[in-house]
Amino acid sequence: QVQLVESGGGLVQAGNSLRLSCAASGGTFSTYAMGWFRQAPGKEREFVAAISWSGSGADYADSAKGRFTISRDNAKNTGYLQMNSLKPEDTAVYYCAATYGRTYYYTSSSRNEYNYWGQGTQVTVSS
């Protein structure tokens with residue numbers, strides 16, 4: 001059983017950056033693919049980015065490409081989401097999630113593929 005705890009959210013002005021962290025415990029983090037999702041008020045939870053257990057595979061939502069970077073440090077049992085050039089429309093609660101890694105490059109953009117979720121961290125971008 002993997003427990004995930006996000007941190008690093010906050011209030012920033014448009015154009016600035018934030019780095020979210022996802023600390024994992026209770027399982028072998030290095031065997032899990034990881035994803036970041038977000039949910040804005042009144043909207044469904046949506047995919048942001050995902051990374052394979054090896055760190056060699058990554059996938060991004062179109063809204064994140066070129067601005068966000070997902071990474072992980074398996075030695076620290078921690079995943080990251082670096083968010084640059086933030087926009088007001090990035091305002092949401094951000095969740096990290098984990099699922100068994102399957103293959104070296106495996107990632108998934110589907111919420112249904114993830115077994116473990118964190119409690120979320122709020123990101124608010126002001127204009």
Side-chain angles (χ1 to χ4, degrees):
Q1 191 83 0
V2 176
Q3 291 82 44
L4 304 173
V5 178
E6 303 94 336
S7 62
L11 172 63
V12 296
Q13 288 190 325
N16 285 354
S17 300
L18 277 177
R19 188 176 81 155
L20 305 183
S21 298
C22 176
S25 62
T28 307
F29 179 67
S30 60
T31 65
Y32 288 87
M34 192 186 76
W36 285 95
F37 292 76
R38 67 186 183 186
Q39 188 166 18
K43 295 188 177 181
E44 291 191 354
R45 193 171 298 190
E46 65 176 8
F47 171 72
V48 177
I51 189 167
S52 64
W53 69 261
S54 64
S56 295
D59 188 23
Y60 295 89
D62 287 344
S63 60
K65 287 178 181 176
R67 299 189 300 128
F68 295 2
T69 303
I70 190 170
S71 63
R72 65 190 297 157
D73 185 338
N74 287 341
K76 295 182 177 179
N77 291 336
T78 303
Y80 304 97
L81 183 68
Q82 177 68 42
M83 304 187 295
N84 298 330
S85 302
L86 283 162
K87 304 175 182 180
E89 51 263 45
D90 294 318
T91 295
V93 177
Y94 283 71
Y95 299 89
C96 68
T99 183
Y100 178 62
R102 293 170 177 79
T103 66
Y104 194 78
Y105 293 105
Y106 173 81
T107 61
S108 177
S109 60
S110 171
R111 292 176 296 175
N112 295 332
E113 291 295 319
Y114 290 87
N115 308 106
Y116 307 103
W117 292 83
Q119 83 290 348
T121 186
Q122 176 71 46
V123 172
T124 303
V125 184
S126 64
S127 57

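Predicted model, so just to flag it, every value in this text is computed and none were measured.
Listed here is the closest heavy atom pair of Ser17 and Asn84: OG-OD1, 2.9 Å. Between Ala50 and Ser108, the shortest heavy-atom contact is CB-O, 3.5 Å. For the residue pair Arg38 and Ala92, the shortest heavy atom distance occurs at CB-CB, 3.8 Å. The nearest pair of heavy atoms linking Gly101 to Tyr106 is O-CB, 3.0 Å. Taking each heavy atom of Arg67 and Ser85 in turn, the nearest pair found is NH1-O, 3.0 Å. Taking both residues in full, the closest heavy atoms of Ser21 and Thr78 are given as CB-CG2, 4.3 Å, listed atom of the first, atom of the second, then distance.
The aromatic ring centres of Trp36 and Phe47 sit 6.0 Å or more apart.
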**Item:** Evaluation steps, side chain to side chain contact (heavy atoms under 4.5 Å, CB included), between Tyr60 and Ile70
**Value:** CA-CA 9 Å; Tyr60 295 89; Ile70 190 170; 3.4 Å; yes
**Item:** Phe29 and Lys76: CA distance, side-chain angles, deciding distance, side chain to side chain contact (heavy atoms under 4.5 Å, CB included) verdict
**Value:** CA-CA 9 Å; Phe29 179 67; Lys76 295 182 177 179; over 6 Å; no
**Message:** Assess the residue pair Asn115 and Tyr32 against the criterion (side chain to side chain contact (heavy atoms under 4.5 Å, CB included)); give the C-alpha distance rounded to whole Å, side-chain angles, the decisive distance to 0.1 Å, and a yes or no.
**Reply:** CA-CA 10 Å; Asn115 308 106; Tyr32 288 87; 5.7 Å; no
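The shortest distance between side-chain heavy atoms of Trp53 and Arg102 does not fall below 4.5 Å. With contacts defined as side-chain heavy-atom distances shorter than 4.5 Å, the pair Leu86/Asn16 does not qualify. Tyr95 places none of its side-chain heavy atoms less than 4.5 Å from the side chain of Leu4. With a 4.5 Å cut-off on side-chain heavy atoms, Leu11 and Gln122 do not count as touching. In this structure, the side chains of Leu20 and Glu6 stay at 4.5 Å or more apart for every pair of heavy atoms. Annotation: side chain of Met83 is in contact with side chain of Val123 (closest heavy-atom distance under 4.5 Å).
Summarising the geometry, atom OH belonging to Tyr105 is positioned 5.5 Å from atom OG belonging to Ser56; distances are rounded to the nearest 0.5 Å. In this structure, Asn74 CG and Ser54 OG are separated by 8.5 Å, a value rounded to the nearest 0.5 Å. For the atom pair NZ of Lys87 and OG of Ser127, the computed distance is 14.0 Å after rounding to the nearest 0.5 Å. From Asn77, atom CG reaches atom OG of Ser30 across 7.5 Å, with rounding to the nearest 0.5 Å.
Heavy-atom contacts from other residues, nucleotides or ligands closer than 6.0 Å to OH of Tyr100 number 12 or fewer.
Between the Thr69 side chain and the Gln82 main chain, no donor and acceptor come within less than 3.5 Å of each other. Side chain of Arg45 to backbone of Val93: no donor-acceptor contact under 3.5 angstrom is found. Side chain of Thr107 to main chain of Gly57: no donor-acceptor pair is present (N/O by atom type, distance under 3.5 Å, no hydrogens or angles).
Hydrophobic clustering, with ILVMFWY side chains joined whenever heavy atoms are under 4.5 angstrom apart, groups Leu18 together with Ile51.
For the pair Arg19 and Tyr80, the cation sits on the ring face: its NZ or CZ lies under 6.0 Å from the ring centre, inside 45° of the axis.
A salt bridge links Lys65 and Asp62; the closest N-O separation between the charged side-chain nitrogens and carboxylate oxygens is under 4.0 Å.
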